[in-house]
2 protein chains.
Amino acid sequence: MADITKQKIVEQLKEAGVSPSEQRIAVFSFLHHNHIHPTADTIYQSLSPDYPTLSKTTVYNTLKLFVAKRLIQVVAIEDGELRFDVNTDFHAHFKCRECLEVIDLFDIPEPQCPTETQLIAESTQLNFYGICDQCKGKLEEQS
Amino acid sequence: MADITKQKIVEQLKEAGVSPSEQRIAVFSFLHHNHIHPTADTIYQSLSPDYPTLSKTTVYNTLKLFVAKRLIQVVAIEDGELRFDVNTDFHAHFKCRECLEVIDLFDIPEPQCPTETQLIAESTQLNFYGICDQCKGKLEEQS
DNA sequence: ATGTTTATTGTAATGATAACAAATCTTTAA
DNA sequence: TTAAAGATTTGTTATCATTACAATAAACAT
Ligand SMILES: [Mn+2]
Ligand SMILES: [Mn+2]
Ligand SMILES: [Zn+2]
Ligand SMILES: [Zn+2]
């Protein structure tokens, strides 16, 4: 997957004005190496074994800080779960209603807010909801 | 705004296979006459004076039923609040970070999920986040 | 070294939604 | 008409993600 070094991670944090603590490096690394749009809880559960003293509050604090510093973006694709993405460039997402995975779609151009509306858009989210290929196959198998 | 009659409301509910109780008519009417993408709580607070015995659980149940019967759609534009829309046709939304209003944008064509992805999209949400004209004016005034 | 700022932690609070079971209304059919 | 069955509504309680808060610990500066 991603082959970013710890060096680069630390650099990126410093550039954004975020002092690179162990915990922050761990969270940012996880996001860089796992492009699965994880929730705060998923990140916490995944890091816990390696960082036994890590607190869930720290994960929340860290993610909020990263979002404020524009290091990551929030993907609010479904209510009740905030997901996070290291890729801050515009791209669309697809959520499968069966496996609940969120898939990146990079080939869709960013829709533009019509200028005559006088609305100034600062970010755009394009979300598709449906069923992925694998899950479709499994469902057809059953019937 | 909308000038739909109670007759039409009842008809629409029956057509969808929903028996038109007082509460369901009230909720559906509210959505038809107030295109403000309200949350369950906003609907409950708004109807309470006229329907003093109305329960919040009924509002939640009713909205869930309406969504299942495709009478309304969910607008998950921000985490922590589900909003509802009687307009089930595709259209984009704009949320202002100052006044928190959600504005309809009808002139943007529905983006399509690329066919080569093998993903079958059943619905699409296009959300813009930024600042509306009014709020922009107010902020400039202050500085 | 010592005081000051920053980061982390654990616990408690919040707030939206769902689960549940009792109560009431509506429909069915004897 | 009436009584059982089914559907709907209601109030209370539980759940779960997130935030608030205050205490501890670490990093930094004098
Ligand atoms: Mn993504
Ligand atoms: Mn709308
Ligand atoms: Zn799937
Ligand atoms: Zn505004």
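The figures that follow rest on heavy atoms only: side chains count, while hydrogens, waters and symmetry mates do not. The chains referred to below are lettered A, B, ... by the order of the sequence lines, with proteins before strands, and numbering in each begins at 1.
Glu81(A) has a carboxylate O that lies under 4.0 Å from a charged side-chain N of Arg83(A), or vice versa, which qualifies the two as a salt bridge. The existence of a salt bridge linking Glu78(B) and Lys95(B) is confirmed by a sub-4.0 Å separation between a basic side-chain nitrogen and an acidic carboxylate oxygen.
Map Gly80(A) and Gln23(B) each onto its nearest nucleotide of DNA chain D; the residue landing nearer the 5' end is Gln23(B).
Within 6.0 Å of CD in Glu11(A) there are more than 12 heavy atoms belonging to other residues, nucleotides or ligands.
The nearest whole Å value for the distance from the CZ atom in Arg24(B) to the P atom in dT26(C) is 12 Å. Put simply, CD on Glu22(B) is 12 Å from C1' on dC25(C), counting in whole angstrom units.
Of the side-chain N and O atoms in Ser19(A), none sit less than 4.0 angstrom from OP1 or OP2 of dT6(C).
Not less than 6.0 angstrom separates the ring centroid of His35(A) from the ring centroid of His37(A).
Closest heavy-atom contact between Ser46(B) and Pro49(B): O-CD, 3.4 Å. Shortest non-hydrogen contact noted between Asp79(B) and Gly80(A) is OD1-N, 3.0 Å.
For the residue pair Thr124(A) and Glu110(A), a side-chain donor N or O sits within less than 3.5 Å of a side-chain acceptor on the partner.
Using a 4.0 Å heavy-atom criterion, one finds that Thr39(B) contacts no nucleic acid atom at all.
A heavy atom closer than 4.0 Å to some atom of DNA chain D occurs in Thr53(B), Leu54(B), Ser55(B), Thr57(B), Thr58(B), Asn61(B), these being the qualifying members of residues 41-63 of chain B.
Proximity of a side-chain donor or acceptor of Tyr44(A) to a complementary backbone N or O of Thr57(A) within less than 3.5 Å is not detected.
Read 5' to 3', the first and last nucleotides of DNA chain D with an atom closer than 4.0 Å to a heavy atom of chain A are dA17(D) to dA20(D).
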